[in-house]
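Here is the structure we will look at, set down as structure tokens.
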Number of protein chains: 2
Amino acid sequence: MSSAASDAGEQLRAKLASRRPTMKDVATLAQVSLSTVSRFVNGDPGRPELVARIQDAIDLLGYRRDLTASTLRRADRASASVGVLVADVGNPFFAAVLRGVEEVARARGSLTVAASSDEDPARERDLAAALIARRIDGLIVVPAAEDSSYLRPERQVGVPLAFIDRPPRFLDADTVLSDNAAGTATATRHLLDAGHSRIGFLGDRERIFTCAERLRGYREAIGTVDPALIRLELDEAGVEAATRSLLTLPDPPTALLTSQNLLTMGAIRALRRLGAQHRVALVGFDDIPLADAVEPSVTVVAQRPVDLGRRAAELLFDRIDGYDGPSRRMIVETQLIERESSHLRPRVSPQRAS
Amino acid sequence: MSSAASDAGEQLRAKLASRRPTMKDVATLAQVSLSTVSRFVNGDPGRPELVARIQDAIDLLGYRRDLTASTLRRADRASASVGVLVADVGNPFFAAVLRGVEEVARARGSLTVAASSDEDPARERDLAAALIARRIDGLIVVPAAEDSSYLRPERQVGVPLAFIDRPPRFLDADTVLSDNAAGTATATRHLLDAGHSRIGFLGDRERIFTCAERLRGYREAIGTVDPALIRLELDEAGVEAATRSLLTLPDPPTALLTSQNLLTMGAIRALRRLGAQHRVALVGFDDIPLADAVEPSVTVVAQRPVDLGRRAAELLFDRIDGYDGPSRRMIVETQLIERESSHLRPRVSPQRAS
DNA sequence: CTGAAAGCGCTTACAG
DNA sequence: CTGAAAGCGCTTACAG
């Protein structure tokens, strides 16, 4: 770059003060038109001579393109970002889902905007609106709301949508689910095979699809259900009391099934505190860190959360790329990881032995 | 709304087909000017009569404001979103950090755009550029790069910046850190007090600030350091071999210190596999799920990742709100959570006993 | 209080 | 290949 141009750059830079340089500034400094800079920035170079001037001007000014302005004007309206709405980005399960989405998005040059609904339907709606107002190219939702039809207008207008972990209700859209019922059915049969007939079920909120499905798999596999053995609406703290209460029943369960990761951790702690971890069998839904290292190690129905995220992102990008066929549903298989806690044989409980 | 207006709405709706309705569509349907709709949408109502017409038109069309266009034009340029760059959104530690940031951002009406650098400096730079190109109001970074000066132009131009977990190098910016060295020093003294003199240190990458600091705390507390007891550049898989190798030294360590969550989990597994978990003491940096439920339960130096995220977000929003003072550094204290694994007394190893 | 007009930073036909 | 001009959806002085 000539020293004259460099001086011009310095002057322009000073003039800009703390303003972010624009494409127009680059054009002025490089002494070309705005269109030429735009074409260059978009990968349509032009004469080598001009290219060099433009690149120098960009470097000198520290120019960064404003993608929001670009999105606004371009024909395809692509913002190169997708939104993800989960219950809690801090929960390891959803964190892994998010990671799966991000991998696929990144391979496609897209960024991921994540938000936590905290299982609050109103917050979910607000966040969905906030994401869509920012012109994301598509939205992935783990629905907290029982009714996803609030997204119908967005769908109509062509915002690609995909659901993970729980299907939308009153709305037709691509969905990726774990095989929840099959997972708990397998786990339940596994416990029945080990000789357990009284199996307790510890679940979170029945209105959440995954809990309802996992309960259904348990019910179907077990045959005759004793409602006294089912405890729902639990959180990590509530599990301890529920476990204690189950184990002090006149005819207590000899095995427990927990419906999700936080409840499994709560149940592990509760059994240990009761000194019952080697007496009462346990299977948890969703694998957890160190499940293999506690004593006894804990059998789980492992999900594949990263895959859930990846698959949903793939379905979403299909739509972003123009696929307009009927909505699809994918099931990601769960896997029973047999560890020690499910190989405990049923024993007569202390109360009954006395 | 009159039926004539409603008909007009239906017609406009049909005409829009699958196009997203704009403020102009609303203005046309409500028979007011664009400015009036804009003012209404921005909370400056006007005559009740017009307000009603505008609200009806918005509802009928399913109008959603385009925030990217709004950001482009408005005086303050606020996009109501902040960016966060961590090593891996799927790692529970960073997931918790993200959650903390999101809480504060949400309270401020901002969305959070998260991305994973995977400890790759080049990717970090790309992602930072991608975020800034989307006009985020501020950027929070867990730096993978050894040199953060690539962000200087952004800083110059007024993009608020905050760093978490590791300080920026060659750049002056607000930073929130755990007291890493103090944490490992406390842990080391705790082990020394229990009678251990040979304490192994298992770390990840020394070029990462947190690892270096935690190593420093260990070195300073222990006094005379035996380099044979320090193993670095480990990942979760490599920890097992490193543990085995340490324990088969002629004069093996009687206690281990691990520098982060994944390594602690690896060490727990390794010790169990070697049958050494009740013989070799262990303290991990960063708490992990079920650390309280393994046998022996694992003593840790707990960090407060959600607080790290919150504090950094608060510093960031101060800047977004216009604070322009010198950069600040906040230390979030760690806490030694004493469990069983650090209360094991040093024992002569089997080899030496034989 | 309301509306016409300019313009945010960019892309994209359209001429030359 | 290059440049002048229109316009994406919105906000914001400025008149009336």
Side-chain angles (χ1 to χ4, degrees), chain A residues 12 16 19-54 57-58 61-80 130 132-137 157-159, chain B residues 12 16 19-54 57-58 61-80 130 132-137 157-159:
Chain A
L12 198 51
L16 291 178
R19 179 166 72 73
R20 184 168 162 158
T22 70
M23 195 175 269
K24 201 173 155 214
D25 297 325
V26 173
T28 303
L29 180 57
Q31 305 186 60
V32 295
S33 77
L34 189 59
S35 328
T36 304
V37 178
S38 176
R39 276 189 296 264
F40 171 76
V41 164
N42 285 290
D44 178 3
R47 290 215 314 276
E49 191 188 322
L50 298 190
V51 164
R53 294 219 306 265
I54 295 169
I58 286 174
L61 293 174
Y63 169 71
R64 311 292 201 250
R65 179 156 60 140
D66 183 334
L67 259 189
T68 64
S70 167
T71 299
L72 182 61
R73 190 59 184 84
R74 58 186 319 134
D76 61 6
R77 283 305 171 75
S79 68
I132 286 167
R134 281 165 184 76
R135 284 215 156 279
I136 49 165
D137 298 330
V157 146
V159 178
Chain B
L12 198 51
L16 292 178
R19 178 167 72 72
R20 183 167 161 157
T22 69
M23 195 176 268
K24 200 173 156 213
D25 296 325
V26 174
T28 304
L29 181 58
Q31 304 188 60
V32 296
S33 77
L34 190 58
S35 329
T36 305
V37 178
S38 175
R39 276 189 296 264
F40 170 76
V41 164
N42 285 290
D44 178 3
R47 291 216 313 278
E49 191 187 322
L50 298 191
V51 163
R53 294 218 308 263
I54 295 169
I58 287 174
L61 293 173
Y63 168 72
R64 313 286 200 253
R65 180 157 57 141
D66 183 333
L67 257 191
T68 65
S70 167
T71 299
L72 183 60
R73 191 58 185 86
R74 56 186 323 137
D76 61 6
R77 281 305 170 77
S79 69
I132 286 166
R134 282 166 185 77
R135 285 210 156 282
I136 48 165
D137 298 330
V157 146
V159 178

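Only heavy atoms go into these numbers, but all of them, side chains included; no hydrogens, no water, no symmetry mates. Numbered from 1 within each chain, the chains take letters A, B, ... in sequence-line order.
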Below 3.5 Å between N/O atoms, which protein atoms pair up with nucleotides 8-11 of chain D? Just atom names and distances, please.
unit_1, atom_1, unit_2, atom_2, d
D/dC8, O3', A/R77, NH2, 2.3
D/dG9, OP1, A/R77, NH2, 3.1
D/dG9, N2, B/A69, O, 3.3
D/dC10, OP1, B/Y63, OH, 2.7
D/dC10, OP1, B/D66, N, 2.8
D/dC10, OP2, B/M23, N, 2.4
D/dT11, OP1, B/N42, OD1, 3.4
D/dT11, OP1, B/N42, ND2, 3.1
D/dT11, OP1, B/R65, NH1, 2.5
D/dT11, OP1, B/S70, OG, 3.3
D/dT11, OP2, B/S38, OG, 2.6
D/dT11, OP2, B/N42, ND2, 3.3
D/dT11, O2, B/R73, NE, 3.4

Practice task
Go through the structure and list residues passing salt bridge (charged side-chain N to carboxylate O under 4.0 Å, His left out) with A/R64, not counting sequence neighbours.
Solution key: B/E154
Completion exercise
Whole-Å distance, B/L50 CG to C/dC1 P, equals 11 Å
Practice task
Take atom CZ of A/R47 and atom C1' of D/dG3, then tell me their distance rounded to the nearest Å.
Solution key: 12 Å
Problem - Test side-chain hydrogen bond (donor to acceptor under 3.5 Å, both in side chains) applied to B/S35 - qualifying residues, sequence neighbours left out - result: none
Exercise for the section: Quick one: list whatever passes salt bridge (charged side-chain N to carboxylate O under 4.0 Å, His left out) with B/D44, sequence neighbours left out. Expected result: none
Problem - Pairing residues for A/R73 by the salt bridge (charged side-chain N to carboxylate O under 4.0 Å, His left out) criterion, not counting sequence neighbours - result: none
Exercise for the section: Look only at the side chain of B/R134 and the backbone of A/A80, and say whether a donor-acceptor pair between them is shorter than 3.5 Å. Expected result: yes
Practice task
Under the side chain to side chain contact (heavy atoms under 4.5 Å, CB included) rule, collect the residues that match up with A/L34, sequence neighbours excluded.
Solution key: A/M23, A/K24
Exercise for the section: Just jot down the side-chain hydrogen bond (donor to acceptor under 3.5 Å, both in side chains) partners of A/D66, sequence neighbours excluded, or say none. Expected result: A/T68, B/R135
Handout entry: Per-nucleotide pairing state of DNA chain D [Watson-Crick or G-U, under 3.5 Å; [ ] pseudoknot-crossing; | other strand]
Key = |||.||||||||.|||
Handout entry: Partner residues of A/R77 under the salt bridge (charged side-chain N to carboxylate O under 4.0 Å, His left out) criterion, sequence neighbours left out
Key = none
